[in-house]
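Predicted model, so just to flag it, every value in this text is computed and none were measured. Residues: numbered from 1 along the sequence shown. Atom set for the values below is all heavy atoms of this structure, side chains included, hydrogens, waters and symmetry mates excluded. One-based numbering, in listed order, for ligands and for the atoms of each.
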Amino acid sequence: LKSINTIAVLTSGGDAPGMNAAIRAVVREGIFNDLKVLGVRKGFNGLLHGDFVEMTARSVSDTLGRGGTILQTARSHEFHSPEGVKAAAEQAKYFGVDGLVVIGGDGSFRGARDLSDIGFPVIGIPGTIDNDIPCTDYTIGFDTALNTAMQAVDKIRDTASSHHRCNIVEVMGRNSGQIAINVGIASGAEAIIIPEMKLEERPDIVNVINEGIRRGKTHFIIVLAEGVGGSEELKARAEQETGIDTRINVLGYMQRGGSPTVQDRVMASLMGVHAVQTLLAGKSSRIVGLKEGKVYDIDIAEGLAIQKPMDRKIIEIAMNLSI
Ligand code: F6P
């Protein structure tokens, strides 16, 4: 006998391609299991203010291929106080919600943990382009963002090569270098600079350019993680000390939008279904994730406490291939 009748789903924090596929999976898996499914608009803000909408199987038609989030999202300050968390749980109970699925990044999971700490059943699904949540090997949106950024760098390279220039391309990722290292490898960047590198490990741009010119290179792509910053200083050094014409490209929000890739749609579908099944199994306070190629779930507090340093091997590979 199942003990839950109504579930709700919300998206929180930065939008990510594939969030709609995750919403769709939660809605349809819920309805498939005879649950009533409510959508919460504008993240935890909507929860706090009772902004609920009943979802049907048709509410999520034609959403698989759409970027952004049909439920909209927010970074809520109001929610993150003990009073806010309590008020949000009361709203959810008032609407008869027995369990909540939160799709978002680590900030959103901290909100989820606060709700579960006061006894409200919550399941988190990782949705962020940054892939910076240590308890999961994958976050929904990462692959699409990588492909978008890689294609942008490929285009920038055409001009860099035609004009013998150096282009410093700043990619997103907050404090994580996951986007930068993968885009850098995929686009054959001459140097990649990420927050996970110790200061002495960071490639010296002047050295990279001078050595590259000595080896016959005529143009340079430097992929810089936004978490490191300092693109203007890098440009000034490159120009003053090597004489090469240098440009800065900040890819920005274009990395966060667009139609999700196969990987993001499939991952979102698998994780969405897993979240509903976890609630149906009577579990709560869990984060859904990917571990060793399989979708699994872990206690929220335990998941948030995990720390995962970046694999040093991938940094080494990136450096070795850029000669
Ligand atoms: O977490 C996703 C992300 O796009 C980060 O890569 C970036 O640092 C941040 O969000 C930007 O946040 P905002 O949308 O609040 O400007």
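If you check the side chains of Tyr138 and Asp264, you find a donor sitting under 3.5 Å from an acceptor. For Ser116 and Arg113, the side-chain atoms include no donor-acceptor pair closer than 3.5 Å. Remark: the Thr159 side chain and the Ser162 side chain contain no N/O donor-acceptor pair separated by less than 3.5 Å. Side chain to side chain, Asp297 and His274 meet the donor-acceptor criterion of an N or O pair below 3.5 Å.
A distance of 5.5 Å separates CD in Glu226 from CE in Met172, rounded to the nearest 0.5 Å.
For ligand 1, the atoms lying closer than 4.0 Å to a non-hydrogen atom of Gly173 are 6 (O). Those atoms of ligand 1 with a heavy atom of Thr128 less than 4.0 angstrom away are 1 (O). For ligand 1, the atoms sitting less than 4.0 Å from at least one non-hydrogen atom of Glu226 are 5 (C), 6 (O), 7 (C), 8 (O), numbered in the order shown with element in parentheses. For ligand 1 and Arg256, the ligand atoms under 4.0 Å from any heavy atom of the residue are 2 (C), 3 (C), 4 (O), 9 (C), 10 (O), 11 (C), 12 (O), 13 (P), 14 (O). Near Tyr253, meaning under 4.0 Å from any of its heavy atoms, are these atoms of ligand 1: 13 (P), 14 (O), 16 (O).
Nearest-heavy-atom check against atom 6 (O) of ligand 1 across Asp132, Asn175, Asp130 picks out Asp130.
Heavy-atom neighbours of Asn320 CG from other residues, nucleotides or ligands within 6.0 Å: above the threshold of 12.
At a heavy-atom distance under 4.0 Å, only side-chain atoms of Arg75, from C-beta outward, approach ligand 1.
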